[in-house]
Amino acid sequence: MVHGGAGALDNVKDDKTAFRYLEAIRRTLEHGRDVMELGGSALQAVEACASILEDDPVFNAGCGSVLNENGKVEMDAAIMDGRDLSAGAVAAVDNIANPVQLARLVMSESEHVMLISEGAMRFADHCSMERVPEDYFYTTDRVEQLRQARLQHKVMLDHDDSDADSEDQKYGTIGAIARDPLGNLAAATSTGGIVNKRMGRVGDSPIIGAGVYADNETCAVSATGFGEDFMRSVISKTISDFMYMKGMDAKQATEAGIEYLVRKVKGRGGVIVIDKDGNCSSGFTTKKMIHGWIEKSGETSCRF
Ligand code: ASP
């Protein structure tokens with residue numbers, strides 16, 4: 001399963017724009033399936049899918065990342081392997097094309113789970129990860145989106161519910177989760193965060209248990225929405241706990257998780273979930289969430 005962000009998405013009125021999103025999701029899902037058909041693991045599949053979405057400027061991750069209060073990009077990403085709960089995360093990084101790949105290197109090449117900011121960038125250099133120039137990130141849409149947010153003195157989701165008519169709200173945070181034929185689960189989430197956020201603000205996406213979680217005994221989860229709500233409710237781990245402690249399946253645990261999110265913190269956003277038996281589920285409190293899923297030999301399903 002992959003998602004491309006939660007929010008209003010009311011600007012996706014015309015078929016052409018909708019087609020652009022759904023095509024991106026469909027192509028990414030098919031690539032993820034190819035990775036696993038060629039023997040790749042769930043972990044490899046989610047890294048590959050997240051990287052593709054980071055390379056697509058219509059999404060709020062990698063090259064399409066939104067801008068912070070200083071007009072700068074600060075990206076967060078995480079990846080988790082359900083086989084042994086190993087995980088890697090980076091926060092407030094810039095000048096790299098694929099934060100999810102850096103997160104993967106933190107997981108596999110360091111003894112840590114999370115690196116941030118300058119330390120993460122030094123680690124990227126240590127791993128010989130190529131740096132990209134600042135103008136790799138700045139699309140005219142993103143600059144205009146920040147201008148609007150500043151005018152309204154607010155921080156906002158890439159697809160903000162509260163200002164659904166704004167033309168600039170058309171991209172989203174990304175996430176990928178997978179279960180491979182061996183039953184291994186993995187999850188990845190990557191984002192530019194929220195528009196006009198404070199410098200140094202870190203959201204849920206790189207926080208294990210909040211924006212991302214994978215455990216072979218329960219499920220894989222990726223979240224999107226207002227990160228502060230997801231951090232306070234530890235939503236991804238909460239959904240996993242519903243399965244572990246109450247024996248729920250993907251659908252039941254997603255519903256219980258969304259109910260908890262709303263009741264406790266009036267959470268705004270959504271999740272995609274695959275349980276240990278391969279059942280797919282999604283839930284969101286925003287008007288829409290771009291997402292889709294694909295099975296071993298089935299059709300792709302993509303929707304808002
Ligand atoms: N969850 C992300 C964050 O708060 C934003 C999003 O999902 O669009 O950084």
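Ligands are counted one by one from 1 in listed order, and the atoms in each one are counted from 1 as well. Because only heavy atoms are used, hydrogens play no part in the values below, and waters and symmetry mates are left out as well, while side chains stay in.
A donor and an acceptor atom, one from each side chain of Arg142 and Gln145, are located under 3.5 Å apart. Asn196 and Glu69 share no side-chain donor-acceptor pair at under 3.5 Å. Ser281 and Thr254 share a donor-acceptor pair across their side chains, judged by distance under 3.5 Å alone. Side-chain contact of Asn279 with Asp249: a donor-acceptor pair under 3.5 Å is absent, judged by distance alone.
For ligand 1, the atoms closer than 4.0 angstrom to any heavy atom of Thr224 are 6 (C), 7 (O), 8 (O). Short contacts between ligand 1 and Asp204, defined as distances under 4.0 Å to a heavy atom of the residue, involve ligand atoms 1 (N), 2 (C), 3 (C), 4 (O). Heavy-atom proximity to Gly193, at under 4.0 Å, picks out these atoms of ligand 1: 5 (C), 9 (O).
For Ser205, the heavy-atom gap to ligand 1 drops under 4.0 angstrom.
Polar contact check, Thr191 against ligand 1: no nitrogen or oxygen pair lies under 3.5 Å apart. At least one N/O-N/O distance between Gly225 and ligand 1 falls below 3.5 Å. Inclusion of Thr173 in the set of residues having an N or O under 3.5 Å from an N or O of ligand 1 is warranted. By the 3.5 Å distance cut-off applied to N or O atoms, Phe230 is not counted among the residues near ligand 1.
In terms of modelled atom types and a separation under 3.5 Å, the side chain of Asn95 and the main chain of Val132 share a donor-acceptor contact.
Looking at Arg201 against ligand 1, only its side chain comes within 4.0 Å, counting heavy atoms. Of the heavy atoms in Ala6, none comes closer than 4.0 Å to ligand 1.
Residues Ala214 and Leu185 approach most closely at CB-O, 4.1 Å, considering heavy atoms.
Exactly one of His291, Arg303, Lys251 qualifies for a side-chain hydrogen bond (donor to acceptor under 3.5 Å, both in side chains) with Ser282. That residue is His291.
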